Amino acid sequence: MAGQDGNLSAVLKRKDELVLENTPVPKPGKNEVQIRMQRVGICGSDVHYLRHGRCGPFIVEAPMILGHESSGIVSELGEGVTNLKVGDRVAIEPGVPCRVCSFCKDGRYHLCPDVIFCATPPVDGSLRRYYTHAADFCFKIPDHVSLDEAALLEPLSVGVHACKRANITLGHKVLVCGAGPIGLVSMLSAKAMGAAEVVITDLDKKRLAKAKEIGATYTVQVDSKDPKIVAKKVEDALGAMPDATIECSGAEPSIQLALRVTRSGGVVVLVGLGPNEMTTVPLVDAAVREVDIRGVFRYCNDYPTALSMVASGQVNVKSLITHNFDIKQTVEAFEAARMGNGIKVMIHCGQEK
Ligand code: NAD
Ligand code: ZN
């Protein structure tokens, strides 16, 4: 049953034109569920689509519903669904792969070339009252986990995946570059995965204050483009070079810092997506010190880990939410996200907790 305003949806008509309008209530197909949406967090990529009509290689060429960091309540089962029932509260993993290509068969389904990802053109996202999704990419949450936390499993899974790629383990000293939402979830994940100390950098004092408040051991404000100067501050804070660095800004000076400051034999993971071509990175210095440089693309089999971490209290993601809006205030919510004054802007598509 649709609500009074049917399937109110946040439709990006074209660059700079976001409107709320009713779209058809979708019926779940085979192995899909229909979800009465509850929370959708705004991601930097959603804001990018709104402001620039594109994000990296993905271009908005036709109207598209935004949103992919989401949670809701199962409202109808499609044929063949056995893992969920109507009324289950679920976190939604937004990318559904083909399940049959070599990447999917290898267990690295996030690299599937045919992955269908919410709110990546031309695929519609989940910022609406009703949405359908593959049942096996919906994770039932326990009663004590909130729908806010369920929506935040999406960015948290990026942090979990980055830490797994960085081989974070007990006692590690870790550098996280950039204290935006992704840097913060990486910091939280690193601590939960056993890191003894985490130092986080940013240009912005307010973001560093938030990082400190939610658990960073040390913060370093980047006030110089010279990576040598920032490297010294990082080493002074940790008393050593970091075992691993998780780069979450995409800025070239920060990537230079990551490669330079990570200890010999350590790992640098590149999460931040900056310009494709970098002009000067100290690659050979990193190579001769056997610093492994690894890419990170979203997550893969990380939702269950992220959910266990939240459900057990190992990480507190709720502290990332700085703004809340009703779906009817979506345009204002995007304006708040664009201003960048907070960390996570959460949109309420329903009133459940
Ligand atoms: P954000 O823009 O909110 O945060 C980036 C932070 O980096 C900002 O706080 C900014 O002040 C800081 N920064 C900029 N230059 C810096 C420098 N030289 N040193 C230190 N900090 C610096 O973005 P976000 O949502 O946190 O995402 C971070 C990055 O991760 C983006 O590039 C995003 O595209 C990328 N991302 C990648 C994946 C993936 O799968 N690889 C997934 C999600 C996001
Ligand atoms: Zn595939």
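Note that the structure is predicted; figures quoted are calculated from it, not measured. Numbering of ligands and ligand atoms starts at 1, following listing order.
Salt bridge status for Asp202 with Arg207: absent, with no side-chain N to carboxylate O gap under 4.0 Å. Salt bridge status for Asp223 with Lys233: present, with a side-chain N to carboxylate O gap under 4.0 Å.
The salt bridge (charged side-chain N to carboxylate O under 4.0 Å, His left out) contacts involving residues 180-198 comprise Lys173-Glu197, where partners must be two or more places apart or lie in separate chains. Sorted by first then second residue, the salt bridge (charged side-chain N to carboxylate O under 4.0 Å, His left out) pairs that include residues 248-257, not counting sequence neighbours, number zero.
For the Zn ion (ligand 2), the set of protein N/O/S atoms nearer than 2.8 Å consists of Cys98 SG, Cys101 SG, Cys104 SG, Cys112 SG, ordered by chain and number.
At a threshold of 4.5 Å between non-hydrogen side-chain atoms, the residues Lys13 and Glu21 count as touching. Side-chain atoms of Ile35 and Ile73, non-hydrogen and from C-beta on, never get closer than 4.5 Å to each other.
Separation of atoms CG (Leu259) and CZ (Arg289) is listed at 8.5 Å; rounding is to 0.5 Å.
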Using the rule given for side-chain hydrogen bond (donor to acceptor under 3.5 Å, both in side chains), can you reason through Gln256 versus Ser254, listing the C-alpha separation, both sets of side-chain angles and the distance that settles it, and then say yes or no? CA-CA 5 Å; Gln256 291 168 348; Ser254 187; over 6 Å; no
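Within 4.0 Å of ligand 1, protein heavy atoms belong to Val158, Gly178, Gly180, Pro181, Ile182, Thr201, Asp202, Leu203, Arg207, Val222, Cys248, Ser249, Ala251, Ser254, Val271, Gly272, Leu273, Val296, Phe297, Arg298, listed by chain and number.
Judged by the 6.0 Å distance and 45° axis criteria, Arg36 is not positioned over the aromatic ring of Tyr131.
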